[in-house]
Amino acid sequence: MLAELRGLNEECGVFGIFGHENASQITYYGLQSLQHRGQEGAGVVMSDGEHLRGHKGEGLVTEIFNQDIVNGLTGSSAIGHVRYKTAGGGGYENVQPFLFHFQTGSFALAHNGNLINATSLKSELEAQGSIFQTTSDTEVLAHLIRRSGLGSMKDRLKTALSMLKGAYAFLVMTEKEMHVALDPQGMRPLSIGKLGDAYVVASETCAFDIVGAEFVRDVQPGELITINEDGLQSEQFAVATNSAICTMEYVYFSRPDSDIHNINIHSARKRLGKMLAKEVNIEADVVTGVPDSSISAAIGFAEATGIPYEMGLIKNRYVGRTFIQPSQSLREQGVKMKLSPVRGVVEGKRVIMVDDSIVRGTTSRRIVTMLKDAGAKEVHVCISSPPIKHPCFYGIDTSKSEELIAAHYSTEELRELIGADSLTYLSPEGTIEAIGHEQKDGECGQCMACFTGNYPTEIYPDTEHPITKC
């Protein structure tokens with residue numbers, strides 16, 4: 001099994017701006033700041049107040065857009081998207097934003113998340129005559145909008161959103177306005193900022209820092225925001241229930257300089273490392289973290305234990321991410337090219353290797369082997385999150401339990417498989433406490449489904465593993 005497994009894959013990122021003369025350039029830099037959320041494709045749709053036009057492609061933002069293309073995208077409003085496929089296949093047709101033209105106007109659509117009832121909705125729509133052009137669940141919303149009857153775009157959007165289940169952060173742009181919607185559980189991060197008189201929307205607040213925008217607030221669960229020449233208007237399209245932001249945003253996905261619900265990601269990861277140190281008792285000489293997402297937790301672990309933190313692993317920043325390699329042998333070679341052990345730091349030492357998660361196991365085994373080949377006397381693997389034993393249906397590429405090594409092996413069996421001298425996970429209770437969400441009515445404010453199997457929504461037969469709502 002171990003040879004067939006691969007690493008954890010990101011979600012997607014959305015960015016939007018309304019009412020700025022340099023909207024295309026700002027969106028370009030905004031998407032670059034969100035590049036870590038998806039490297040398979042990117043796109044931008046612009047509005048000049050009368051028409052929508054866009055450009056998209058497969059690859060990185062810098063590969064798809066050059067100065068001439070950016071300058072040619074004229075208009076004062078834009079939405080953009082970076083993609084990693086979580087629902088539907090790859091390919092150009094699935095790159096967002098999607099742009100739809102009708103006799104009565106146009107609209108563009110960008111989505112972060114995953115709709116758990118997309119398959120059943122798509123079947124119903126096709127039976128009514130809809131013809132889908134992509135395999136993405138995102139296109140379902142476009143068809144629902146067009147079939148929701150007369151009325152304003154906002155009214156049709158509210159009707160369409162009421163039919164969706166799952167995790168979603170949507171940006172919908174027409175010629176003259178932009179709509180922003182977040183699912184009733186608030187599972188995906190989404191924030192509002194201001195840049196002068198312009199409004200900016202982004203999956204992570206790090207994008208605001210890059211473009212010079214000021215953070216205003218987070219979009220609330222079940223909230224629909226409309227931005228037009230009259231400013232920003234907000235209303236609830238659904239009752240917010242059981243707020244459950246994805247815990248993996250704090251553990252792994254988001255950039256350290258982002259804030260989600262007023263919690264800084266770097267600070268949260270340091271607390272995760274400190275909490276992990278409280279729960280384990282290991283004698284060692286050095287602590288090191290797996291670059292980049294585990295560095296903060298490793299620093300916290302070292303501070304709590306007094307064991308020196310050292311750069312025992314160096315990342316080659318000019319090597320692409322390992323999960324895009326086409327075969328297992330190339331993926332494993334990619335790990336070796338991407339990470340290098342520092343022999344002078346680990347040789348003859350008892351090393352604590354802090355990592356944020358183990359999903360499929362291949363990367364952990366390779367890193368442990370590299371550290372021992374570099375002379376480490378012992379390698380103790382400490383994970384700053386609980387074991388991932390349950391599939392995610394909300395936008396992370398772990399929708400099958402067969403892909404999750406912790407679902408099939410005990411901690412001791414997994415320790416043997418990766419070749420570590422010890423393997424320790426952070427407890428679910430420690431994870432919740434360390435991240436620091438305000439707990440209300442017995443709810444922790446986080447989705448812990450991949451760790452505990454308690455899902456914040458019902459899971460539909462669309463999924464391969466029907467699970468009862470927690």
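All residue numbers refer to positions in the sequence shown, counting from 1.
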Chemist: Quick one, V44 with F15, criterion side chain to side chain contact (heavy atoms under 4.5 Å, CB included). Give me CA distance, side-chain angles, the key distance, then yes/no.
Modeler: CA-CA 9 Å; V44 172; F15 183 91; over 6 Å; no
Chemist: What pair of heavy atoms forms the shortest contact from A298 to V287, and how long is it?
Modeler: O-CG1, 3.7 Å
Chemist: Would you say T205's side chain and D259's backbone share a donor-acceptor pair under 3.5 angstrom?
Modeler: yes
Chemist: With rounding to the nearest 0.5 Å, note down the distance linking OG in S384 to CZ in R271.
Modeler: 13.0 Å
Chemist: Do the side chains of S76 and H20 get nearer than 4.5 Å, heavy atoms only?
Modeler: no
Chemist: Taking all atoms of both residues into account, what is the closest heavy-atom pair of A449 and P456, and its distance?
Modeler: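 In terms of heavy atoms, the two residues are closest at CB-CD, 4.3 Å.
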Chemist: Do the side chains of I69 and Y28 get nearer than 4.5 Å, heavy atoms only?
Modeler: no
Chemist: Nearest 0.5 angstrom please: N228 CG to K154 NZ, how far?
Modeler: 8.5 Å
Chemist: Please check this pair: side chain of Y425 against backbone of S357, looking for a donor-acceptor N/O pair closer than 3.5 Å.
Modeler: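 The answer is no, because no donor-acceptor pair under 3.5 Å joins these two groups.
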Chemist: Ring centres of F100 and H143 under 6.0 Å apart?
Modeler: no
Chemist: Between the main-chain N or O of Q133 and the side-chain N or O of E139, is there a donor-acceptor pair closer than 3.5 Å?
Modeler: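 Yes; at least one donor-acceptor contact below 3.5 Å.
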Chemist: Take E303 and K274 through the test salt bridge (Lys or Arg N to Asp or Glu O under 4.0 Å) and record every step on the way to the result.
Modeler: CA-CA 7 Å; E303 288 184 0; K274 290 181 178 180; 3.4 Å; yes
Chemist: Could you check whether S191 and E204, counting side-chain N and O atoms only, form a donor-acceptor pair closer than 3.5 Å?
Modeler: no
Chemist: Report the distance from atom NZ of K389 to atom OG1 of T452, rounding to the nearest 0.5 Å.
Modeler: 11.0 Å
Chemist: If you measure only the distance, is there a donor-acceptor pair under 3.5 Å linking the side chains of S106 and H101?
Modeler: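 Present: a donor and an acceptor within the cut-off.
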Chemist: Go through the steps for L121 and L144 under the test side chain to side chain contact (heavy atoms under 4.5 Å, CB included), then give the verdict.
Modeler: CA-CA 9 Å; L121 287 174; L144 291 175; 4.2 Å; yes
Chemist: If you count heavy atoms of other groups shown closer than 6.0 angstrom to CD of Q236, is the number above 12?
Modeler: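 Count over threshold, so yes.
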Chemist: Would a 4.5 Å heavy-atom cut-off, applied to side chains only, mark N112 and R37 as touching?
Modeler: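 Yes; the side chains approach each other to less than 4.5 Å.
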Chemist: Could you check L190 against V14 for side chain to side chain contact (heavy atoms under 4.5 Å, CB included), going step by step and ending with a plain yes or no?
Modeler: CA-CA 8 Å; L190 195 62; V14 296; 3.8 Å; yes
Chemist: Tell me if the CD atom of E433 is crowded by more than 12 foreign heavy atoms within 6.0 Å.
Modeler: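 12 or below, so no.
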Chemist: If we ignore hydrogens and angles and just use 3.5 Å, is the side chain of E63 paired with the main-chain N or O of L60 as donor and acceptor?
Modeler: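 Such a contact is found between E63 side chain and L60 backbone.
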Chemist: Between F393 and Y455, does a ring pair (Phe, Tyr, Trp, His ring centres under 6.0 Å) hold up when you go through it step by step?
Modeler: CA-CA 9 Å; F393 305 111; Y455 290 81; 5.6 Å; yes
Chemist: Quick one: does any side-chain atom of D137 pair with a main-chain N or O of L115 as donor and acceptor, under 3.5 Å?
Modeler: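 Checked: pair present.
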Chemist: How long is the straight-line distance from NE2 of H261 back to CZ of R217, given to the nearest 0.5 Å?
Modeler: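 That separation rounds to 12.0 Å.
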Chemist: If we only count heavy atoms from C-beta on, is the T288 to V345 side-chain gap below 4.5 Å?
Modeler: no
Chemist: For the atom pair CD1 (I64) and NZ (K56), what is the distance rounded to the nearest 0.5 Å?
Modeler: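 Answer for the CD1-NZ pair, I64 versus K56, is 10.5 Å.
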Chemist: Measure from the side-chain N and O atoms of S254 to the backbone N and O of Y250, and report whether any donor-acceptor pair falls under 3.5 Å.
Modeler: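 Here the side-chain-to-backbone pair does not exist.
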Chemist: Do Q32 and I210 have side chains that approach each other closer than 4.5 Å (heavy atoms only, starting at C-beta)?
Modeler: no
Chemist: Side-chain donor-acceptor pair under 3.5 Å between S294 and D356, yes or no?
Modeler: yes
Chemist: In this structure, are over 12 heavy atoms from other groups packed under 6.0 Å from D197 atom CG?
Modeler: no
Chemist: Decide whether a cation-pi geometry holds between K122 and F132; the criteria are a distance under 6.0 Å from NZ or CZ to the six-membered ring centre and an angle within 45° of the ring axis.
Modeler: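 Judged by the rule (NZ or CZ under 6.0 Å from the ring centre, within 45° of its axis), K122 counts as positioned above F132.
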Chemist: Contact between R146 and F107 at the side-chain level, heavy atoms closer than 4.5 Å - yes or no?
Modeler: yes
Chemist: Looking just at side-chain N and O atoms, do S136 and T134 make a donor-acceptor pair shorter than 3.5 Å?
Modeler: no
Chemist: Please tell me if the side chains of V172 and M178 come closer than 4.5 Å, counting only heavy atoms from C-beta onward.
Modeler: no
Chemist: May I ask you to decide if Y394's main-chain N or O and R188's side chain share a donor-acceptor pair within less than 3.5 Å?
Modeler: yes
Chemist: So which heavy atom on A108 is nearest to which on V45, and how close?
Modeler: CB-CG1, 3.6 Å
Chemist: Considering non-hydrogen atoms only, spot the tightest contact between K315 and P291 and give its length.
Modeler: CB-CB, 3.8 Å
Chemist: If we ignore angles and hydrogens, is there a donor and acceptor under 3.5 Å between the side chains of Q185 and S243?
Modeler: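 There is no such pair (donor and acceptor under 3.5 Å, judged by atom type) between the side chains of Q185 and S243.
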Chemist: Could you work out, with ring pair (Phe, Tyr, Trp, His ring centres under 6.0 Å) as the rule, every residue matching F170, not counting sequence neighbours?
Modeler: H111, Y168
Chemist: Give me the atom names and distance for the closest heavy-atom approach of C12 to S203.
Modeler: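 In terms of heavy atoms, the two residues are closest at O-OG, 4.3 Å.
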Chemist: Donor-acceptor pair, distance only, cut-off 3.5 Å: does the side chain of E177 make one with the backbone of E175?
Modeler: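 Between the backbone of E175 and the side chain of E177 there is no qualifying donor-acceptor contact (under 3.5 Å).
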Chemist: Does NZ or CZ of K194 fall inside the cone over Y199's six-membered ring, less than 6.0 Å from its centre and within 45° of the axis?
Modeler: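 Yes.
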Chemist: Measure centre to centre between the rings of H390 and F451, then say whether the value is under 6.0 Å.
Modeler: no
Chemist: Can a donor-acceptor pair be found, under 3.5 Å and without considering hydrogens, that links the side chain of R83 to the backbone of N94?
Modeler: yes
Chemist: Using every non-hydrogen atom in the two residues, find where G75 and A23 come nearest and quote the distance to one decimal.
Modeler: O-CB, 3.7 Å
Chemist: I would like to know whether I225 and I192 meet side chain to side chain contact (heavy atoms under 4.5 Å, CB included); could you show each step before the answer?
Modeler: CA-CA 10 Å; I225 294 173; I192 300 287; 4.0 Å; yes
Chemist: Do D183 side-chain atoms and G186 backbone N/O form a donor-acceptor pair below 3.5 Å?
Modeler: yes
Chemist: Rounded at 0.5 Å granularity, tell me how far NE2 in H179 sits from NZ in K158.
Modeler: 10.5 Å
Chemist: Do K165 and T457 come within less than 4.5 Å of each other through their side chains, counting heavy atoms only?
Modeler: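 Not in contact.
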